[in-house]
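Here the structure comes first, spelled out in structure tokens, and everything after it is commentary.
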Amino acid sequence: MSLGQLHYTSAPPGPDGSGFRFTALTPGLPQSVLREAEQLIGYEPPRNAPSRPSATELEAFPRAFSYSELSDGSRLLARTVYTGADYSGRWGNFHAHAVHLAPGEQLPDGALPVSAWESPGWAAATPEGGAPPALAALPPSTLLDPAGLIAFAASRAPWLAAVFTDLQRQAEDETAPQVVLVERDSADVARWVALASAALPREAAHRLTFTTYTRRPHLAGQRIIGVLPDDAHGLAGAGRRYRVHDCSAPPPPAPDGPAPGPHGSAPGPHGSAPGPDGSEPSAWAVAAARIWSAGAFELFQHAHRLPGEPLTAGPSSALALCAGIDLPSSHRTAAALWACDHPAELDGQELDGLVQTLAAPRQEAAVPAAETAALAELFARVGGNLRPETAAPLAARLLTAAVRSDEPVRPPERKALTDEVARQLAAELGPELRAGIADPAGGFARPLRLLRVAGLLAVDCSDLVTPLAHRLAAALLADPSAYGGDLHETLADRPDLHTALLRELDAAALAGPASVTLLLERAPVELESRELESREPGSREPLPYLRMCGWKARGPAGGGGGDRNGELRAVLEAARVSVFAHPPLLRVAFRLVWGSDTPTPEEARYVLAETGADVHRPAETWPFLVTAALNGRPGDPHADELAHELLAAFPTQLRPDDRAALLLLEFARDLRAGGAGPGWVDRYLGLRRAAEPVNPTVLEHACGRIAWRLLTDPGAGRELDDLIRSRDADLCAAYERAAREDAVHSQLLRDPRYFADRFVDWNAHPQAGGAWGKVRGSLLDGVLRPAARALAAEDLAAVEAALAKRGARHAEDFRAWNRPGALSRLGLRFGGRDSRAGRTASRRRGSGSDPGYGSGSGSGSDDRYRDGGVR
């Protein structure tokens, strides 16, 4: 490549005119470039400069060294110096020498533009010939030597981070404000550009435009603008366009707060002075400032080659820490996280240096949790590759943080510590460990972490394990989601805690198996104790209640497949302990299988038959069986059979009211089996009074049995009289319900004698009020009349014949009752007979001892059902 040259000064008259003009040009430069260049390479002396300077004074004039971007994308690198008088003797002349870089081109060998500051290649005057050839290169300046730049960086330490922050904004956003550097010497502005060019990524440094001097900063378009103190006035307050850094004045005094930095600046959170508007410097800028202040500028080139996002603190901070340069906590965090992602980018020596710096004692009262977490992650990634003497200090720091930090810290493994370091830590942290494990405030997460650390350091905390397990069990039962990875790892590391927790859960399962089952459903708590196995191979903790809950929570899908008795057997087998040796197992098993439900009478009978009564007494499960009997479905034969069995099995345990209710069910059983003697209703009434208040299902069950016997037993005449006389609404209602069943309707249609008997029964006691008065009419009209209408003529004749055998009056009543339109008349007749009719009915039924009802309970009706009834 070649660099086209431009020379500009005041020249005598010639073909191109006189005064300020281009005096020498490399052929081929576009006119558009020349027009723009003419606006960029002018020069105005400083305000207080002598009007007729001497040669010595001329040397002190600022040099305008600039790098500018032109509208076509090309670049112009120029040096303009004040020369004093021109050819005519007039003062105010200057000479500009510039080189043009085509779009996309750089200086030869990729040299940075600032390297041409005071290059030997710059001409002090227009060369002879008028058409200089293109330059092949611009030799680098000898004035920007490393030692001088390091010294300059040290002198500008208070402003470094703020200036670098603004330059970072420019690199990331083309609309960011221009940076104005106020210096008394234009050479210092060039040094600023050199510092920035080294710190910025190479591509950003090549795009960085600048001018080391201008009298009119408002007209300058470069990114960095160098001005003298007299020319900085008027820029203050233009923060949206300019960021002014006045390096010619002493740095501002440190405000109240953190201690001043090394050069008297007020440090921000990164340890550096804030920017002109009080904003905090960026993390990358602080790292770059620290590197320059330490004189380690060579780290920048290394950092630019490392992977990672440009202008982030990770790579540069990692290299700085490797070199032993101290950085704030946020940078240490960034460096550790970057090293976690790119451990292969650092050689062994660099990695050792990084870890040693990170592990060094800090002055901060408390290390931020983010830094500690990053160090723990770094140690987990690279700790195995470190030398023991390097790894041990960082491991010790992490263990100390794990004890003293409120945030969780992943502790390193024991092998990362030397024996000496472990002993020192145990002595130092032992009291804190024990106090933290015993502290019940704040949950169990921190005590668990401390217990793991205590195990690593061999600090004896065995007496604290059981109380911790008790708190842990309570917390897990209250919220099973609290079981997480940290707890799982701790239980794996501390078998003693695992065993203690299982014992606590086993005790909790005896009191509340449902909550323990829910916990085992949601949390993968291992149910085998590794501690006992390690001490006694092949041995297992009994934990019967916990094992039953475990089977319920984690057993086969569907449990017992709907067979709750089978499920009960499986739950008891899971306990691995005999229920006869430990009766409370049965109570826990009942609660696991049935929960808040009640066994059915059939299930209860099965359990009682399989286990026997003896185990239910100490297990206190017999009330479950009693409840099963009392809550059984009305009509269920297992309910009254269970009642009979319970009365025999638990004669002294039953409460009087429960015993009476069971006797009522047992009486229903006898009625069903035909074993009940006479006086059913009286027997029922006596048992009911003893059992009050009676469970409605028991009452319905017993009443239903009595009602059915009354409707089906041919010898139940006296019992029906007792029912009518009892005024028992429940018994009468049960009788009506039974009479309305399909079996009764079918029997009425096919058996004339059964029809006749029901007609006689339901016409009895026409003057009885109360419950029977309501039922009687309903039975005649709602049950018997529809059946009569469904009978054929010959069947009706058979009914009349059957009634005639019972007495002519019955047949006569039936014909009147069944005659169309006779309903109201017959009702009046049956409901308002004279005393003679009442006496006749009394004689027909047997006894007139109860004139209020017109019938007694004599035995004359016992022959009403010679051929039986509904079977």
Side-chain angles (χ1 to χ4, degrees), residues 358-362 365-367 369 371-373 375-377 379-380 383-384 386 388-476 482-504 526 529-535:
L358 292 174
R362 304 294 305 280
V367 177
E371 178 183 344
T372 302
L375 295 183
E377 182 66 21
F379 194 90
L386 299 173
E389 56 270 25
T390 301
L394 182 55
R397 179 177 174 183
L398 291 174
L399 283 171
T400 302
V403 174
R404 295 174 177 170
S405 173
D406 292 333
E407 299 295 328
V409 177
R410 181 192 303 179
E413 296 182 1
R414 171 61 179 84
K415 63 183 180 181
L417 299 171
T418 62
D419 292 340
E420 179 62 25
V421 170
R423 283 193 296 270
Q424 293 175 357
L425 286 175
E428 177 185 354
L429 301 176
E432 296 178 57
L433 284 168
R434 289 185 55 82
I437 294 170
D439 185 7
F444 60 82
R446 187 168 185 271
L448 287 178
R449 296 196 302 269
L450 297 183
L451 189 65
R452 296 182 67 183
V453 175
L456 291 175
L457 300 178
V459 175
D460 184 17
C461 297
S462 56
D463 58 316
L464 305 176
V465 169
T466 298
L468 175 59
H470 182 76
R471 303 199 310 268
L472 179 59
L476 291 176
Y483 189 96
D486 290 342
L487 173 56
H488 190 78
E489 292 179 7
T490 304
L491 294 178
D493 289 347
R494 295 297 304 241
D496 55 342
L497 177 64
H498 181 219
T499 299
L501 175 62
L502 294 182
R503 291 170 180 167
E504 291 291 333
E526 187 178 343
S529 170
R530 293 181 299 277
E531 182 188 34
L532 184 61
E533 177 67 25
S534 64
R535 289 190 283 105

Report task. Of all the heavy-atom pairs spanning Thr372 and Ala401, show the shortest one and how long it is. Result -> CG2-CB, 3.5 Å
**Report entry** Gap separating the CG atom of Leu425 from the CZ atom of Arg397, nearest 0.5 angstrom
**Finding:** 13.5 Å
Requested in this report: Keeping the roles fixed (side chain from Arg434, backbone from Ala454), state whether a donor-acceptor pair exists under 3.5 Å.
Outcome: no
Query raised in the report: Considering all heavy atoms of both residues, which atom of Pro495 and which atom of Asp493 are nearest to each other, and what is their separation?
Result: CD-O, 3.3 Å
**Report entry** From Glu432 atom CD to Leu450 atom CG, the distance as rounded to the nearest 0.5 Å
**Finding:** 9.5 Å
**Report entry** Heavy-atom pair of closest approach, residues Arg449 and Asp406
**Finding:** NH2-O, 3.6 Å
Requested in this report: Take Val453 and Leu433 through the side chain to side chain contact (heavy atoms under 4.5 Å, CB included) test and state the conclusion after the steps.
Outcome: CA-CA 8 Å; Val453 175; Leu433 284 168; 3.9 Å; yes
Query - Nearest-0.5 Å distance that lies between atom CG in Leu448 and atom CZ in Arg494 - result: 10.5 Å
Query raised in the report: Is the closest side-chain heavy-atom distance between Pro412 and Leu399 below 4.5 Å?
Result: yes
Query raised in the report: With Asp419, which residues qualify under salt bridge (Lys or Arg N to Asp or Glu O under 4.0 Å), at least two apart?
Result: Arg414
Requested in this report: Can you see which heavy atom on Phe379 is nearest to which on Ala391, and at what distance?
Outcome: CE1-O, 3.5 Å
Query raised in the report: Is the number of heavy atoms from other residues, nucleotides or ligands within 6.0 Å of CD (Glu389) greater than 12?
Result: yes
Query raised in the report: Where do Asp439 and Ala441 come nearest, in terms of heavy atoms and distance?
Result: OD1-N, 3.1 Å
Query - Approximate separation, where rounding is to 0.5 Å, of Leu502 CG and Leu497 CG - result: 9.5 Å
Report summary line: Checking Ile437, Leu464, Leu456 against Leu451 for side chain to side chain contact (heavy atoms under 4.5 Å, CB included), the one that qualifies is Ile437
Report task. For the residue pair Val367 and Leu375, establish whether any side-chain heavy-atom pair is separated by less than 4.5 Å. Result -> no
Query raised in the report: Looking at side-chain heavy atoms only, is the closest gap between Arg410 and Leu398 below 4.5 Å?
Result: no
Report task. Please name the pair of heavy atoms, one in Gly430 and one in Val459, separated by the smallest distance, quoted to 0.1 Å. Result -> CA-CG1, 4.1 Å
Query raised in the report: Which distance, rounded to the nearest 0.5 Å, do you find between the CZ of Phe444 and the NE2 of His470?
Result: 14.0 Å
Query raised in the report: Given the rule in the side chain to side chain contact (heavy atoms under 4.5 Å, CB included) test, do Leu417 and Leu457 qualify, once you have shown the distances and angles that lead to the verdict?
Result: CA-CA 9 Å; Leu417 299 171; Leu457 300 178; 3.8 Å; yes
Query raised in the report: Roughly how far, to the nearest 0.5 Å, is NE2 of His488 from NE2 of His498?
Result: 8.5 Å
Query raised in the report: Charged N to carboxylate O below 4.0 Å: is that the case for Arg452 and Asp486?
Result: no
